[in-house]
Amino acid sequence: NYYRDVNRLLHAVQKNATKGDPRSVVKAIDNFCRQKEWAMNVGDEKGCILDSVVSEVNPVTVLELGTYCGYSTVRIASLLPPRAKIITLEFNPDYAKIARQVIAWAGLEDKIQVVEGPSGEWIPKMKEQFGVKTFDLVFLDHWKDRYLPDTKLLEDCGLLRKGTILLADNVICPGTPDYLEYVRNSPRYKSQYFKSHLEYTKAEDGLEKSVFLG
Ligand SMILES: CNc1ncnc2c1ncn2[C@@H]1O[C@H](/C=C/CNC(=O)c2cc(-c3ccc(F)cc3)cc(O)c2O)[C@@H](O)[C@H]1O
Ligand SMILES: [Mg+2]
């Protein structure tokens, strides 16, 4: 079952990665998913695009929707400046448990807050619970039919500011057609597609980077 798979992914990290070395954790997961069992991490190819966007934005406050095993959480957090933080939402307790251990192995607990629960409930509580004013960067990688409603919720909760960057995984495969249509046609966003491949495969996929214009 799924939980046993992600447990094997965690063991591969603990076996092959150096404790406290985030890049070796990322490498260990990519090797495991390429050689042993595919998993829905953003992966190394799209991960490089993610890295370049994070480095360019240099965010202080990041929101990730859909932690899964924490692969992209570790990738992002390893590039954040000292006081910067990432809040990552995950509603499956089994995945959250695995992610916390992957994050601990990378030694990035101080920069990452894993929040267990659904994005729809937690987004409206970001200000009161975590003292968040607005997010500098949002990484969307959860259920694909939730990208659009959660983006609208972020707007309505005043959590986006002029210049906030939304970066969305899987806009081609599995695809997020309603979200793409919205960010590409709304006057409130400037959108750009980064063509790539579905993690660990040759299938087309890509990331959509959208700047909120206020
Ligand atoms: C709706 N609100 C939510 N709030 C908090 N956490 C949420 C969540 N929705 C989903 N989650 C969590 O995010 C994760 C879900 C991710 C969904 N991702 C995908 O379906 C996905 C799927 C593929 C995929 C592509 C091709 C294929 F053949 C099979 C799979 C590739 C990807 O990169 C993906 O991201 C899980 O950990 C889930 O528990
Ligand atoms: Mg994904």
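Indexing begins at 1, ligand by ligand and atom by atom, following the structure's order. These figures come from a predicted structure and were not determined experimentally. Side chains are part of it too, since the values below use all heavy atoms of this structure and drop only hydrogens, waters and symmetry mates.
- At least one N, O or S atom of Asn170 sits under 2.8 Å from the Mg ion (ligand 2).
- A donor-acceptor pair under 3.5 Å links the side-chain atoms of Lys111 to the main chain of Pro82, judged by distance alone.
- Rounded to the nearest 0.5 angstrom, Leu137 CG and Lys209 NZ are separated by 10.0 Å.
- Aromatic ring centres of His142 and Tyr147: separated by under 6.0 Å.
- The residues lining ligand 1, counting any heavy atom closer than 4.0 Å, are Trp38, Met40, Gly66, Tyr68, Leu89, Glu90, Phe91, Asn92, Tyr95, Gly117, Pro118, Ser119, Asp141, His142, Trp143, Lys144, Arg146, Asp169, Asn170, Cys173, Pro174, Leu198, Glu199.
- Checked against side-chain hydrogen bond (donor to acceptor under 3.5 Å, both in side chains), Glu181 has the following partners two or more places apart in sequence or in another chain: Asn185.
- Counted by atom type alone, Tyr200 and Asp44 present zero donor-acceptor pairs between their side chains at under 3.5 Å.
- Taking Ile, Leu, Val, Met, Phe, Trp and Tyr as members and joining any whose side-chain heavy atoms lie under 4.5 Å apart, directly or through other members, the hydrophobic cluster of Ile172 also contains Val171, Leu180, Tyr193.
- Legend: ring-ring contact (aromatic ring centres under 6.0 Å, His included) pairs involving residues 44-64, not counting sequence neighbours: none detected.
- When you scan the N, O or S atoms of Asp141 for the one nearest the Mg ion (ligand 2), you land on OD1.
- Asp169 contributes atom OD2 as its closest N/O/S atom to the Mg ion (ligand 2).
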